[in-house]
Amino acid sequence: MDDQYALARENMIRTQLIPRGIRDPELLQVMRAIPRERFVPALLKKMAYTDGALAIGEGQTISQPYIVALMTEALALKDTDKALEIGTGSGYQAAVLAKLCESVYTVDRIKKLLERAEQILTKLGYTNIHFKVSNGTLGWREHAPYDAIIVTAGAPYIPDPLIEQLAEGGRLVIPVGNRIGQELIKITKKDGNLFEDDLGAVRFVNLIGEYGWNETSS
Ligand code: SAH
């Protein structure tokens with residue numbers, strides 16, 4: 001395997017993740033191994049490990065490495081867990097999840113992005129990720145309940161279907177706020193009750209659709 005990016009990956013772990021408090025050794029190991037450069041457009045490969053989000057086409061972005069790590073760590077995945085991701089985008093977040101749990105169901109409303117992500121992840125040998133083009137604010141009912149749900153686009157509020165599809169003991173991480181900025185919220189379902197934690201300010205592209213923003217206005 002060509003690993004001209006190994007040093008960049010190690011630097012990302014050392015300068016972006018560890019100093020900001022990411023501790024889970026398994027997660028760090030997974031992010032040390034996944035070739036993030038494969039998930040960004042060819043012209044941006046050299047920037048794949050920079051400390052920020054990058055454009056991936058269709059007006060969408062691949063999240064900053066630290067945010068991927070923060071959200072993943074908050075999900076506290078077990079290797080027997082089933083996870084749902086809303087907003088496949090580049091597929092990078094799905095790759096991280098798939099190394100830490102049993103299966104990942106990921107949906108995106110943009111077919112072109114979903115197909116590209118599926119192609120890359122298949123090439124990289126993943127067999128535990130399932131893909132669908134759809135409005136993810138409705139979840140993916142056939143495979144519910146999920147032990148973990150991650151929404152990688154900013155929502156005006158938490159979509160009801162996602163709460164319903166969260167398993168007992170499950171964790172949901174979602175940016176909630178306005179179109180420009182959001183708070184990263186973690187919901188835990190325990191004995192049928194919901195517990196909420198605020199993980200800090202973030203900035204995501206908009207979650208579009210029923211239970212999200214409408215497409216047009218900005
Ligand atoms: N997790 C991605 C980043 C996603 S960017 C990664 O690792 O690269 C946000 C994505 O959410 C975009 O691809 C956008 O198309 C998608 N999206 C926005 N609203 C959506 C909805 N209602 N259902 C599914 N996907 C949605």
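In each ligand, atom 1 is the first atom listed, and ligand 1 is the first ligand listed.
The ligand atoms of ligand 1 that sit less than 4.0 angstrom from a heavy atom of Ile62 are 8 (O). Against a heavy-atom cut-off of under 4.0 Å, Glu85 is close to the following atoms of ligand 1: 1 (N). Those atoms of ligand 1 that come under 4.0 Å of a heavy atom in Ser134, given as number and element, are 23 (N), 24 (C). For ligand 1, the atoms closer than 4.0 angstrom to any heavy atom of Ile110 are 15 (O). The contact set between ligand 1 and Asn206, taken as ligand atoms under 4.0 Å from a residue heavy atom, comprises 18 (C), 19 (N). Residue contact check: Val205 has heavy atoms under 4.0 Å from atoms 5 (S), 9 (C) of ligand 1. In the vicinity of Leu113, heavy-atom distances shorter than 4.0 Å reach the ligand 1 atoms 13 (O). Of all atoms in ligand 1, listed by their number and element, those nearer than 4.0 Å to a heavy atom of Gln93 are 1 (N), 7 (O).
The protein heavy-atom contact nearest to atom 12 (C) of ligand 1 is Gln60 OE1, 3.2 Å. At the top of the distance list for atom 23 (N) of ligand 1, counting protein heavy atoms only, stands Gly136 N, 2.7 Å. Atom 6 (C) of ligand 1 has Ser90 OG, 3.4 Å as its closest protein atom, hydrogens excluded (heavy atom only). Scanning all protein heavy atoms for the shortest distance to atom 13 (O) of ligand 1 gives Asp108 OD2, 2.6 Å. Of all protein heavy atoms, the one lying nearest to atom 3 (C) of ligand 1 is Thr61 O, 3.2 Å. In terms of protein heavy-atom proximity, atom 19 (N) of ligand 1 is closest to Ile208 N, 2.9 Å.
Salt bridge status for Arg109 with Glu215: present, with a side-chain N to carboxylate O gap under 4.0 Å. Ion pairing between a basic and an acidic side chain is recognised when a charged N comes within 4.0 Å of a carboxylate O; Asp81 and Arg171 show such pairing. The existence of a salt bridge linking Lys186 and Asp198 is excluded, since no basic side-chain nitrogen approaches an acidic carboxylate oxygen closer than 4.0 Å.
Nearest-residue assignment for atom 11 (O) of ligand 1 (options Gly87, Pro159, Ser63, Gly59; heavy-atom criterion): Gly87.
When the shell of 6.0 Å around NZ of Lys82 is examined, it contains more than 12 heavy atoms from other residues, nucleotides or ligands.
Residues Arg32 and Gln29 have side chains that bring a donor and an acceptor to within less than 3.5 angstrom of each other. A donor-acceptor pair shorter than 3.5 Å can be found between the side chains of Glu37 and Tyr49. Side-chain atoms of Ser90 and Gln60 form no donor-acceptor pair, as typed in the model, at a separation below 3.5 Å.
The shortest heavy-atom distance from Thr88 to ligand 1 is under 4.0 Å.
Contact annotation: for Arg109 versus ligand 1, heavy atoms closer than 4.0 Å belong to both the backbone and the side chain. Looking at Val68 against ligand 1, nothing comes within 4.0 Å, counting heavy atoms.
In this structure, Lys189 fails the cation-pi test against Phe195, since its NZ or CZ atom is not both closer than 6.0 Å to the six-membered ring centre and inside 45 degrees of the ring normal.
Considering both main-chain and side-chain atoms, Ala153 never comes within under 3.5 Å of ligand 1 through any nitrogen or oxygen pair.
Note on ring orientation: taking the six-membered ring where Trp is involved, the planes of Tyr105 and His130 are parallel (angle under 30°, cut-offs 30° and 60°).
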